[in-house]
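Reviewing the structure listed below.
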Protein chains: 2
Amino acid sequence: MAVPEQRTPIHSPTVSDVARRACVSRATVSRVLNRYPHVRSEVRARVERAMAALAYRPDAVARSLARRETRTLGLVVTDITNPFYAETAAAIVKTARTHGYTVILCDTDNIPELQAEYIEVLRQRRVDGIILGSVFLHDPAVERLIDSGMPCMLYNRRLRSGRGNYVVLDNLRAGRELTRHLLGLGHRCIGFIGTLAGLSSAAERRRGYRAALREAGVRPQPQFVHMRGVTPELAREAAREILALPDRPTAIVASSDRVALSVIEIAEEMGLSVPGDLAVVGVDNIPMAAHQAIQLTTVDQHLAEMGRLAVEGILDVIRDPERYRRSPLQQVLAPTLIVRRTCGALDPGAALRGRRLRLPAVHKGGSRG
Amino acid sequence: MAVPEQRTPIHSPTVSDVARRACVSRATVSRVLNRYPHVRSEVRARVERAMAALAYRPDAVARSLARRETRTLGLVVTDITNPFYAETAAAIVKTARTHGYTVILCDTDNIPELQAEYIEVLRQRRVDGIILGSVFLHDPAVERLIDSGMPCMLYNRRLRSGRGNYVVLDNLRAGRELTRHLLGLGHRCIGFIGTLAGLSSAAERRRGYRAALREAGVRPQPQFVHMRGVTPELAREAAREILALPDRPTAIVASSDRVALSVIEIAEEMGLSVPGDLAVVGVDNIPMAAHQAIQLTTVDQHLAEMGRLAVEGILDVIRDPERYRRSPLQQVLAPTLIVRRTCGALDPGAALRGRRLRLPAVHKGGSRG
DNA sequence: CTGAAAGCGCTTACAG
DNA sequence: CTGAAAGCGCTTACAG
């Protein structure tokens with residue numbers, strides 16, 4: 001007859017199996033496993049041989065239960081296909097790995113309700129900490145999470161309450177520098193297209209935009225400002241409206257590179273050349289911004305560093321929650337202006353009214369290659 | 001004196017706490033938790049009230065240990081900032097969520113050695129299955145993983161051995177259709193720039209490219225074919241060399257949209273207009289390919305569907321590993337040609353030698369919405 | 001329909 | 001330096 005198949009693979013070896021084979025107790029196996037110092041080297045060697053012979057692979061689930069720590073971080077983003085989140089997620093996973101942590105990726109797909117659902121799932125899974133890439137200025141679910149004592153770290157956006165650990169760009173300054181840059185190029189009619197006023201990032205960039213106008217003695221025009229939502233379609237809609245105005249702006253500050261790309265698309269669709277007829281600047285410095293066919297003037301917010309700081313920060317919080325309970329870890333990164341083609345600064349012919357260029361000291365970006 | 005602070009939050013409630021409060025056994029609490037049918041409704045209500053009163057949150061780690069299943073999937077990609085992986089990861093996370101599964105994201109950052117390391121970590125964490133976005137044609141670590149019986153699913157690329165469950169694009173057909181399309185536009189001098197010959201995706205696309213040339217009676221020119229590596233810099237290098245040849249090709253088939261974008265950058269740097277002087281086509285249909293300023297002719301490989309199928313497939317495998325042991329689940333998706341600007345087909349003025357256009361029946365792509 | 005008991009695979013005081 | 005025992009928070013036959 002046929003040889004019976006080997007089904008249900010013999011259960012994988014446990015500490016007990018190793019202990020039996022090495023003629024020691026399970027406690028000793030555990031000590032070897034965890035590089036506990038005081039184990040006789042002869043015993044240690046015997047245990048290690050047994051582990052090798054059995055191809056023993058420790059069960060992290062059991063260890064998590066016993067130690068009450070999972071060495072797992074939850075990462076909640078609104079859209080991993082947004083290069084902003086992809087770049088930060090890469091840095092987060094990488095940094096976590098170097099510290100022996102694993103990352104559960106949660107993507108809300110821009111559906112706000114899913115955030116609370118994911119937070120609940122992560123808490124049931126007993127992650128050691130939660131990193132949130134987007135919160136609303138008013139966000140009860142996140143306030144409750146903070147209240148609960150679960151270590152968490154916000155990045156990119158913060159709460160109006162000012163609570164929580166976070167790492168964000170100095171968004172006000174980013175909006176102000178971009179606007180000043182355009183003012184310096186001679187623009188006086190400058191619009192702003194953002195995502196949502198309920199997000200600190202967009203709201204603060206807009207405040208920076210307004211501040212720069214005010215400082216230059218330019219009166220803000222409310223009809224030049226739109227904050228409709230986060231999808232590309234809404235950004236396009238806003239661009240279409242603003243650019244159809246009889247006295248349309250000669251420059252647009254977009255609250256992100258993605259929004260800026262939508263604006264450029266619509267401008268070209270409407271027969272406006274960029275930067276000839278319309279200057280456009282963004283924020284993020286996503287890879288595409290550097291592309292030859294785009295060359296978007298933007299602000300770099302150092303995404304890899306932001307991701308790294310988020311992880312290193314939350315690991316500190318996990319180690320010593322008390323310490324950060326009353327004085328949260330709040331980091332603000334300085335923006336770096338990257339001057340490229342779409343603002344018109346590099347193409348004197350396109351600069352309006354022949355103003356002399358007065359660039360601030362900036363990193364002139366090319367490819368990020 | 002000051003009110004003493006509440007530190008180390010009283011340990012979160014367990015089944016025992018709920019059981020005590022509801023005056024039932026822990027087994028009964030567990031039954032209610034798992035919607036076990038035969039529980040008296042009065043008892044069920046009492047337990048539910050107790051859970052609510054205590055804000056009980058089941059411990060998924062303990063449950064995993066007891067049930068020997070984690071409802072967690074591992075996802076290993078080479079670079080989450082590559083839109084291909086970001087798009088598929090989004091679909092994978094989304095599909096997993098609807099089935100109650102969570103996803104651990106592993107990003108090897110294109111460092112091959114990290115793949116084996118991540119696989120080991122995932123196995124220790126006792127994930128129920130592993131999804132791999134990239135394998136080499138010759139990949140011993142993955143062969144061993146398959147041997148081990150751990151449920152796994154490859155996507156995008158497969159093994160030369162043909163083993164394993166996978167969902168891939170019909171890459172040969174994709175390469176062939178793109179090349180035929182260019183041949184149909186009059187091109188006879190067509191180059192191919194791929195990533196690595198050791199990856200099934202690029203290798204099969206190149207085979208399709210060769211097949212199309214052969215079928216058209218065009219002799220393949222080895223100096224027009226480059227497969228150097230996966231980074232943008234290597235793609236640029238290859239483009240620079242091929243386009244500097246005295247008898248440079250009039251069209252390039254790139255093995256991915258990212259490679260195509262690099263080729264376009266170099267072409268423009270060298271003063272060649274696209275598609276006037278050089279037609280370029282890619283594969284993937286990443287969001288950027290649709291952008292106004294690019295309009296890349298490409299092949300859609302239905303990334304969201306690929307991700308969804310990968311998850312649904314691996315869940316089937318997890319449910320019934322025996323069934324797929326001998327006849328693996330292997331799915332091949334049909335490519336969809338998306339004709340845009342960069343091939344020159346939409347701009348008769350740019351079509352070489354005034355050939356009459358003979359487009360295959362295709363989905364003419366615009367924006368992806 | 002419900003409970004007592006054993007078990008999942010580790011870790012960790014506590015003795016010695 | 002090492003072992004016996006208890007415990008982490010669940011689930012699951014097995015009785016009744």
Side-chain angles (χ1 to χ4, degrees), chain A residues 8-48 50-51 54-72 100 121 123-128, chain B residues 8-48 50-51 54-72 100 121 123-128:
Chain A
T8 51
I10 334 291
H11 89 120
S12 46
T14 70
V15 274
S16 300
D17 300 315
V18 175
R20 196 173 312 117
R21 191 172 223 273
C23 303
V24 296
S25 71
R26 300 182 315 169
T28 296
V29 174
S30 178
R31 288 185 189 105
V32 172
L33 216 47
N34 296 293
R35 318 194 176 297
Y36 193 79
H38 311 295
V39 180
R40 241 190 328 146
S41 65
E42 196 250 323
V43 173
R44 174 187 306 282
R46 219 165 62 221
V47 171
E48 278 166 350
M51 295 198 301
L54 296 170
Y56 172 68
R57 177 176 288 128
D59 184 326
V61 174
R63 172 180 294 176
S64 291
L65 181 61
R67 289 220 190 125
R68 262 163 261 105
E69 80 171 12
T70 53
R71 296 200 172 245
T72 297
V121 168
R123 300 195 65 175
Q124 294 191 184
R125 301 226 168 209
R126 300 302 192 253
V127 296
D128 295 342
Chain B
T8 51
I10 334 291
H11 90 120
S12 45
T14 69
V15 275
S16 300
D17 299 315
V18 175
R20 198 173 312 118
R21 191 171 223 273
C23 304
V24 296
S25 70
R26 302 182 315 172
T28 295
V29 174
S30 178
R31 287 185 190 106
V32 171
L33 216 46
N34 296 293
R35 319 194 177 299
Y36 193 79
H38 311 296
V39 180
R40 244 194 322 151
S41 66
E42 195 251 324
V43 172
R44 173 187 306 282
R46 218 163 63 219
V47 171
E48 278 166 350
M51 296 198 302
L54 296 170
Y56 171 69
R57 176 176 289 127
D59 184 325
V61 174
R63 170 179 296 176
S64 291
L65 182 60
R67 287 220 191 125
R68 263 164 261 105
E69 81 171 11
T70 53
R71 296 201 170 244
T72 297
V121 168
R123 299 194 66 172
Q124 293 191 183
R125 301 224 168 212
R126 300 302 192 255
V127 296
D128 295 342

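Residue numbers start from 1 in every chain, and the chains themselves are labelled A, B, ... in the order their sequence lines are given, proteins ahead of strands.
Heavy-atom distances under 4.0 Å link DNA chain C to A/Ser30, A/Arg31, A/Asn34 of residues 28-48 of chain A, given in residue order. Less than 4.0 Å separates DNA chain D from at least one heavy atom of each of the following residues of residues 58-68 of chain A: A/Leu65, A/Ala66, A/Arg68.
Contact check for A/Arg126 versus B/Ser12: side-chain heavy atoms found under the 4.5 Å cut-off. For the pair B/Ser30/B/Arg26, no side-chain contact is recorded, criterion being any heavy-atom separation below 4.5 Å from C-beta on. B/Arg63 has its side chain within reach of B/Leu33: a pair of non-hydrogen atoms, C-beta onward, lies under 4.5 Å apart. Proximity of A/Gln124 to A/Val121: side-chain heavy atoms (C-beta onward) are nowhere separated by under 4.5 Å.
In terms of heavy atoms, A/Pro13 sits closest to A/Leu54 at CG-O, 3.3 Å. Contact record, B/Arg44 with B/Val32: CA-CG2, 4.1 Å, taken as the closest heavy-atom pair. Nearest heavy-atom pair across B/Arg71 and B/Asp128 is N-OD2, 2.7 Å.
Between B/Val24 and B/Arg126, it is B/Val24 whose nearest contact on DNA chain C lies nearer the 5' terminus.
Note on residues 28-42 of chain A: pairs passing salt bridge (charged side-chain N to carboxylate O under 4.0 Å, His left out), not counting sequence neighbours, are A/Arg40-A/Glu42, A/Glu42-A/Arg46.
Checked by atom type and distance alone, the side chain of A/Ser64 pairs as donor or acceptor with a backbone atom of A/Ala60 at under 3.5 Å. Looking at B/Asp59, its side chain does come within 3.5 Å of a backbone N or O of B/Val61 through a donor-acceptor pair. With B/Thr28 contributing its side chain and B/Val24 its backbone, the two residues share no donor-acceptor pair below 3.5 Å.
Applying the side chain to side chain contact (heavy atoms under 4.5 Å, CB included) test to A/Thr72 and every residue at least two apart in sequence or in another chain returns A/Thr70, A/Thr102, A/Ile104, A/Val127, B/Arg125.
The footprint of chain A on DNA chain D, defined by a heavy-atom cutoff below 4.0 Å, extends from D/dC1 to D/dG9.
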Exercise. How does DNA chain C look in dot-bracket notation if pairs are Watson-Crick or G-U with both distances under 3.5 Å, crossing ones as [ ], other-strand ones as |?
Worked result: |||.||||||||.|||
